[in-house]
Amino acid sequence: MSAPLLLEGRDLSVVYRRSGGLFGTSSELAALDHVSFTLGAGETLAIVGESGSGKSTLARAVLRLVALTAGQVLLRGEDLAILTEAELRARRRELQMIFQDPFASLDPRMRIAEILAQPLRVFEPALNRAQRRERAAAQLAGVGLDAAMLDRYPHQFSGGQAQRIGIARALIAAPSVLVCDEPVSALDVSIRTQVLELLAEQRAKRGLALLFIAHDLAAVRFLCDRTLVLYRGQIMEQGPTAQLFAAARHPYTRALLDAALIADPLRARRRTARPEAAPARLAEPSRQGCPFVSRCAQQQPRCSVERPALRNVGGLQVACHRADER
Amino acid sequence: MRCVMSLILPPVAAMSEPLLRVDGLSIHYPGPGGPVAVVDGVSLALERGRILGIAGESGSGKTQLLLALLGLVPGAGRVTGSVRLNGEQVVGAPDSRLQRLRGDRVAMVFQDPMTALNPQLRIGLQLTEVLAWHRSLKGARARERATEMLASVGLAEPALLLERYPHELSGGMRQRVMIAMALLCEPDLLLADEPTTALDVTVQAQVLDLLGELRDRLGMAILLVTHDLGVIAQVADEVAVMQGGRIIERGDVVGLFAAPQEPYTQRLLAAARRLEIPVGVPA
């Protein structure tokens with residue numbers, strides 16, 4: 001973790017105002033609630049949580065695709081919010097993104113050569129057409145696809161191949177940080193490992209830092225050095241991935257781990273009940289106290305009134321009043 | 001191709017007709033060089049109270065197979081072979097008969113609940129419509145039955161839910177609503193196409209538990225199609241592996257996971273295990 005600090009989020013908050021309730025009232029929803037993180041060069045940080053946890057909002061806030069209500073995003077110590085449009089565009093070269101649905105993120109009317117040339121037009125305007133094509137061919141080969149595929153359209157590819165093209169498009173700008181929003185969850189299990197291996201290989205080759213957004217803990221364990229667990233926009237627990245998976249202290253992290261599937265029928269069925277699974281209800285939890293309290297089997301009276309602070313317990317940072325009891 | 005038929009099919013003439021019996025089912029679509037088979041000579045049988053998992057990757061033909069069981073293969077597809085449900089032939093049956101079967105004796109849940117639910121109608125109306133059509137149940141009695149069914153799939157505040165629109169619900173709640181809708185008429189057979197793939201892991205675990213519980217409680221048979229062998233390991237009794245429109249290997253789930261014979265099955269299983277999380281469950 002001694003890598004030089006590349007990207008930092010300080011106290012990030014994104015609050016959406018919702019209007020038009022039953023009596024025309026408006027309410028506020030904190031999609032991201034005072035979240036801080038750091039990412040060093042060549043490092044991989046996982047942001048994990050269920051839908052609604054704020055993990056995609058975090059990714060978008062880092063890229064300035066949603067406006068922060070509070071907090072700062074710093075790239076090499078420079079606050080992205082005070083940059084002009086032109087300066088921001090230059091920095092965007094360093095921050096590239098790959099998306100969950102490879103087909104939705106590739107223009108169906110463009111050939112692969114054009115798709116890969118787009119970032120070069122923006123970031124390397126000096127290149128001519130032939131040079132762009134040459135770079136596109138080399139990049140395609142770099143993600144394990146044949147350069148002969150340059151003249152095909154996205155629909156001619158499988159899901160796994162399309163995701164490789166999405167990765168090639170992000171890498172062709174030679175970024176230092178790759179934001180990956182659920183990059184393998186739309187793919188068949190058999191293809192996931194291949195795409196994760198490609199990301200690991202590119203990371204090693206280029207010293208690339210990855211901000212890896214996922215609900216799938218298996219992919220996280222495969223790829224990520226550190227893991228940050230979000231629930232309703234707040235950090236529940238964070239720390240080194242191996243340690244978090246071996247000895248999670250937050251009941252929410254443990255619920256996520258308990259829910260992971262095991263490809264072995266005998267072991268899968270020997271598992272115990274899942275007390276901390278989500279209750280399927282419409283009601284919102286109270287703004288006071290721990291956000292996880294309505295689902296927590298270990299709750300105490302104070303959990304409903306006092307929001308637990310993030311604190312160090314046994315090498316992890318945990319936001320749970322009872323974190324040191326186990 | 002190796003088929004351990006005896007593990008799925010009951011001994012010949014030793015038992016009566018199974019709930020579902022598929023024989024030599026093929027589906028062809030017109031292609032540039034003549035008809036292309038997306039399902040190619042599939043045979044299987046499923047008894048009441050059993051869960052059969054069909055494992056296959058994208059393009060293996062597993063979804064087309066499910067659609068054929070409901071007589072829902074799109075117009076260009078040509079279906080041959082036999083699908084017998086409770087002894088009744090589905091292939092070539094008239095639409096009027098198929099409409100009576102669907103949602104009544106056989107029901108289906110899809111990967112994406114938003115495509116199966118009507119976004120413009122309240123949940124209550126969508127559920128009671130099924131009861132009016134199949135059971136001539138209307139008004140307060142239909143609403144009562146719909147409320148019961150929502151509660152039985154683990155949804156809190158079911159009466160309140162009847163007044164909501166699909167977009168007001170979370171993904172997991174919509175999936176439960178769709179399962180509740182499929183179960184309203186207590187079908188003999190539930191067809192599930194990647195029912196948990198779009199869900200969070202915690203919700204996925206709950207929905208799979210729910211399927212197992214419904215099988216136990218109602219004696220329903222479930223045919224579950226998925227690319228994820230972890231899903232099959234969790235709930236299925238039997239498994240059939242599909243590749244290129246054919247069933248290439250099948251058997252009892254414990255036996256097949258312990259000793260897969262086909263290289264393709266071994267590859268799928270190895271891929272699933274490489275991504276597995278070592279959780280605190282004894283081996």
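Chain A is the first sequence line, chain B the second, and so forth, proteins listed ahead of strands; every chain is numbered from 1.
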Any residue meeting side chain to side chain contact (heavy atoms under 4.5 Å, CB included) with Ser51(A), in chain and number order, not counting sequence neighbours: Asp200(B)
May I ask you to name which of Gly212(B), Ala236(B), Gly59(B) has the most heavy-atom pairs under 4.5 Å with chain A? Ala236(B)
Closest-packed option against chain A by number of heavy-atom pairs under 4.5 Å, given Thr197(B), Leu269(B), Val235(B): Val235(B)
Flag the pair Glu238(B) and Arg50(B) as a salt bridge only when some basic side-chain nitrogen lies within less than 4.0 angstrom of an acidic carboxylate oxygen. yes
Using a 4.5 angstrom heavy-atom cutoff, name the option from Val253(B), Leu199(B), Thr226(B), Val153(B) with the most pairs to chain A. Val253(B)
Contact class of Glu197(A) relative to chain B, heavy atoms under 4.5 angstrom: side chain
With a 4.5 angstrom heavy-atom cut-off, is it the side chain or the backbone of Gln204(B) that approaches chain A, or both, or neither? side chain
Does a donor on one side chain sit under 3.5 Å from an acceptor on the other, for Asp33(A) and Gln234(A)? yes
Pick from Val254(B), Leu229(B), Leu268(B): which one has the most heavy-atom pairs with chain A under 4.5 Å? Val254(B)
With chain A, which of Ala271(B), Pro158(B), Gly230(B) has the greatest number of heavy-atom pairs at distances under 4.5 Å? Gly230(B)
For Ala270(B), enumerate each residue passing the side chain to side chain contact (heavy atoms under 4.5 Å, CB included) test, keeping only those at least two apart in sequence or located in another chain. none
Where does Leu187(A) contact chain B at under 4.5 Å (heavy atoms): side chain, backbone, both or neither? backbone
Leu211(A) pairs by side-chain contact (heavy atoms from CB on, under 4.5 Å) with which of Leu228(A), Thr44(A), Leu45(A), Asp181(A)? Leu45(A)
Just by distance, with hydrogens left out, do Tyr29(B) and Gln64(B) show a side-chain donor and acceptor under 3.5 Å apart? yes
